[in-house]
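Just below is one structure, and these are the notes that go with it.
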Amino acid sequence: MTEKKIGAFICRCGGNISDYVDVEQVRKEIAREDNVTVAGINMFSCSDASQEDMIANIRENGLDGIVIASCSPKLHLNTFRAMAERAGLNPYQYIQVNIREQCSWAHTHNKDAATRKAVSLVREGVAKAKLSEPLTPIELTAQPSVMVIGAGLAGMRAALALGEMGVTVYLVEAAPEPGGSIKGRKSLFPDNSSGHELVESLLERIRANGNIVLYTSAEILEKTGSVGNFTIRIQVDGKNETTLSVGAVIVSTGSGSYRPTDGEFGFGLSCVLTLNQYIDMLDSSTDTFLLNGRKIRNIAYIYCVGSRRTGKEGNRYCSRYCCSAAVHTAVRTHEVDPSIGQFHFYRDIRTYGAYEELYHEALKKGSVFLKYGLKDPPQVTEVSGSGLRIRAKDLLTGAETVELETDLVVLVTGMVPGENSQLIDILKLPVGKEGFFNEIHPKLRPVETVMDGIYIAGACQGPKTLSESVVSGMAAVAKSASLVLTGKVNLDPFVARVLTEKCTGCGECISSCPYGAISMKETPDGTVVEITESLCKGEGACVAICNEEALEIKGYGHNMIKAMIEALGG
Amino acid sequence: MIRVNGEFRQRARLDKNFNAGQCFNCGTCTALCPVGMAILPRQLFRYVLLGAEEKIVEYSDSIYSCLLCRMCEENCPEGVLIAENIRALRRYLVEDVYHI
Amino acid sequence: MIVDVKSTVLPKILVFSTDSISDPGIDLAGASHMDYSTGAMVISVPCSSGIHPGWILHALKNGFDGVFIAADGTDCPFLEDCTARTGNIVAAAQALLKENGIDPMRLKMAAICSVCSESFVSHVEKFNSVLLKLEA
Amino acid sequence: MAISREHILALLAQNLENRGSVMPVRQKLLTRWADGLGLPKGGKTILYTGHMYQIMPFIRAMAAKNKKMDGSWLEKYAGFATVVNRIVNIVNLLSMGASSDDIQFYNDILRNIVTILGRHGIKPGYLYEDELYAGALAYDLGLDSVFERHARAVHDLLRRCGAELIITVDPHTTQMFRLVYPEVLDNFDIKVKSYLEVLAGSEREIKGEEPERSIVVHDSCVYSRYLDMVDEPRRLLAGKGFKIVEPLFSGRLTHCCGGPVESLFPEKAREIAEKRLESLPEGTKDVATMCPICLFNLKEAAEERVHTADIASYLL
């Protein structure tokens, strides 16, 4: 074998890497490595200009493999594989070394040590590149269909968009009726549209579209297969089972609503409602606006209930939508009865973007905003005869204590993850710290999950307003449609292979394979095992149990791993 | 402690010229006031919005020490008619407190 | 507290991590600027049930003071019994280490999920101090 | 001083109600400035002083009187008035004590204004003893109901004399007629212009005679921020040949002279006037004011430090 020519490129990532790692030092040390013919530094490796430079380098120097030491491969592995391909290299001879998430960002306090670690990591990458071999991705046909799980606004809108592109859509809803959280709502912010009408008009279009099949009262029982070819078993109405084949899945199961604990800001007393309960009341009231038969004079809203907490109880995050929802509700209330006094006990008003106008409208219509600190949260007590009393320190009035007699306290609660444990189990969806589904990257890959072919949309991913939910739904549509409409998917060819010269034919591995991909094979030289690649998932269960080291996963060979270990440990 | 007085609030709110509800407490008015009012205009207005009638009486000196010069108003990002609101408070004192 | 001074011997820890589950968790630790020992270095594999015991021995013979398997645990996208299988690998590797006169304490395994950044850092730090004691 | 604000306000209201002015001085003293000018009585275009310049000497006298008594001139006045108002005529009492120099000083400003208007060919009428105070102090202090009744009386007067254009001489009277009267009265449709606007809009040029002389302009809060009148005084002064110097706060961001609280909080007013003087550019010699209250307050505070004069004296 002729000596391989390897190019190594160290990324500054603006300063994300170079502020904490001496990239010039790394480059110098790597340049001295055997087989490294080119060692360069990029400001941003992912920029077009840097990519063009690297392509020119690969071509001019006839490189056989390249290493880019930059961010996590989760972000740019595909970017650089495509670049390698454009330069005429096999994409699997491109190796990405993570010196940002796993080096510069983790070791911001010791530049020398971080630099030494980065050198080791790049050496490991070079060792891997030296032993890398050209591989061909496994091409599979993709089913021209998508399953959308959850028929709330995001899911319905996504299903419709896909259906209109000619994709077969199975829209699966657990509830008896589609529409999710908005179906009974009379007036949604910011434009006061009717949730009921919105759902009805979408349903009408969904029914008229021949490509969409809607299942209600449906449950996901099982998922097998992988991107392009999922097989999903569902049960409708608790009895009829159906098996559906889809190329991709969009999960849009929405969120739940935080339920205050008993006694939290008076929760449990009559006339202490959550925002959703109050909106229900507002939606169902006609001309008169009565509470327990009495005219309402004052309403107090308490914001951030269960949100932005620092202790053990409640959630740490901000739910984004609740400030806007609450001020919108206050504006509606002002319109129903301008004589009602409305007092908002808030921590910070986050009516971001155009929703700021709602906040201004509420101010103009007479809502009064009082700012409380976490140290002195409002106290709600019951007063015999006259309803409720709320007492709080108003930071806007020199932290003076303000006491208000009120007929109604509205607890502005945020979103919490929906109850999805079964779905998480079946789909193996990654769940974030807060219990919502996790995307790969909030900016670079905002609707993709680590499970190829499974996308997330709407509030199941984290608190969102309706329009944000729809936007993420459409992003998931774009991603899933581009996958299923090409009709094929490429899978990494990381499947097992047998090193027949080492195989003793003991057959231990056959039972270790959960997918039945290994079988015995008679050869003139004796009995060995063989792999059925189409069944192999490449997890390597067989690799671990073979004492002869006669099995390996392509791209993760024994020699390669050992060489990487030596490079790192040396 | 301030006890919210609904009746007073209604009266203050029904004055068409009283628009301090739009104030979002930025403090620009305070920074620019040539008098350096003992109680900042925004805090005074909050008492009105909360219906703290006794505070309005308590701070009547401040209400009467305003120059009505509108320096604050010129720079108010929310377009609060500060001078006019102060005048509305004076009228309230004259009519409802001093009974002139 | 991170022992990471030039004058101190910094244990070298090889972390076997997995592409889709523990790697994101380890990435998250860095993205959250949680400092951990620079002696910890990662090799990613598809699944922790595919780590060959021989690699662990190889690492401990070639410059590493400890090997930490950041296992998929119950989040494994391939195998329901991934934890048990990875456990078997650890048992086999420990036997191998004993045969070779290496303290089996130098191998450690824990499930690290895709958001287990804090738990990863704390495992590395604990393992780090175990290894420091073994050196002493 | 033991006179409550309540009491002072009540007295002002009573004066406005019964005597047509919050600071009633003898009628003769209010109209004397026009002696010999030959202004016709009434007419379609009338000059309206609103008594503002004329009463300044009496306020000054009241402020100085009985230095051993604390408090503002208004408190002192109220103190006297409480005791004597029903026994002797307060008008007579108040009318005494003003220095003749002061009276001359403020009357000259009004005479100058008439002279300048004359040079532009404008000869307005004057209401003499019929003229009434426009009510600014009552309005500013929140005495709304008495102000409204008074405003109606002023409106009747103006209608009776057939006035179509009122030429005002001070910002407060201008504000009352232009902004407040149309709001509180029905059908107030008389045109209102400050003489500065009249002059600035006049086709006749004032000849430049003052080359090289720098003058610092002190804008009135009311002219600049209530009435958006910033350019006119500058155009007129520049036309006269003055080099205009802007202080730190000018135009729409002008700094108040402190005058509006002079009647209730004189120390505060003095403090604010001091702050204003500090904001003037270094080496300031001449300051032009365009409001009798500004003139009075800055003059009192500046003493001999700078020369403060009404814009009319510079435009003459």
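All values below come from the heavy atoms of this structure, side chains included, with hydrogens, waters and symmetry mates left out.
Residue with the most contacts toward chain D among Leu67(B), Ile100(B), Val94(B): Leu67(B) (heavy-atom pairs, distance under 4.5 Å). Between chain B and the residues Cys256(D), Ser145(D), Gly259(D), the most heavy-atom pairs under 4.5 angstrom are made by Cys256(D). Of the residues considered (Ile86(B), Ile63(B), Asp61(B)), Asp61(B) shows the highest number of contacts with chain D, using heavy-atom pairs under 4.5 Å. Residue with the most contacts toward chain B among Arg252(D), Lys268(D), Lys275(D): Arg252(D) (heavy-atom pairs, distance under 4.5 Å). The choice from Glu74(B), Met71(B), Arg87(B), Arg90(B) that makes the most heavy-atom pairs within less than 4.5 Å of chain D is Arg87(B).
Using bins of under 30°, 30° to 60° and over 60° for the plane-to-plane angle, the ring pair Tyr53(D)/Tyr106(D) lands in the tilted bin. The aromatic rings of Phe45(B) and Phe18(B) sit perpendicular, their planes meeting at an angle over 60°, well past the 30° parallel limit.
Only the side chain of Ala13(D) comes within contact range of chain B, with at least one heavy atom under 4.5 Å from a heavy atom of that chain. Of the atoms belonging to Tyr139(D), heavy atoms from both backbone and side chain fall under 4.5 Å from chain B. Contact annotation for Ile272(D): only side-chain heavy atoms (C-beta onward) come within less than 4.5 Å of a heavy atom of chain B. Contacts of Glu95(B) with chain D are made by side-chain atoms alone, with heavy-atom separations under 4.5 Å and no backbone atom involved. Of the two parts of Leu264(D), only the side chain, counted from C-beta on, holds a non-hydrogen atom closer than 4.5 Å to a non-hydrogen atom of chain B. With a threshold of 4.5 angstrom between heavy atoms, Glu183(D) approaches chain B through side-chain atoms but not through N, CA, C or O.
Using a 4.0 Å cut-off between charged side-chain N and carboxylate O, Glu271(D) and Arg276(D) make no salt bridge. One finds a salt bridge joining Arg178(D) and Glu197(D) here, because a Lys/Arg side-chain nitrogen approaches an Asp/Glu carboxylate oxygen to under 4.0 Å. In summary, Asp219(D) and Arg234(D) engage in a salt bridge, as defined by a charged side-chain N under 4.0 Å from a carboxylate O.
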- request: Just do the salt bridge (Lys or Arg N to Asp or Glu O under 4.0 Å) check on Arg3(B) and Glu54(B) with the steps written out, would you?
  value: CA-CA 10 Å; Arg3(B) 275 201 185 76; Glu54(B) 66 284 2; over 6 Å; no

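Judged by distance alone, the side chains of Arg225(D) and Thr254(D) never bring a donor and an acceptor atom under 3.5 Å apart.
Geometrically, Arg70(B) engages Tyr226(D) in a cation-pi contact defined by less than 6.0 Å to the ring centre and at most 45° from the axis.
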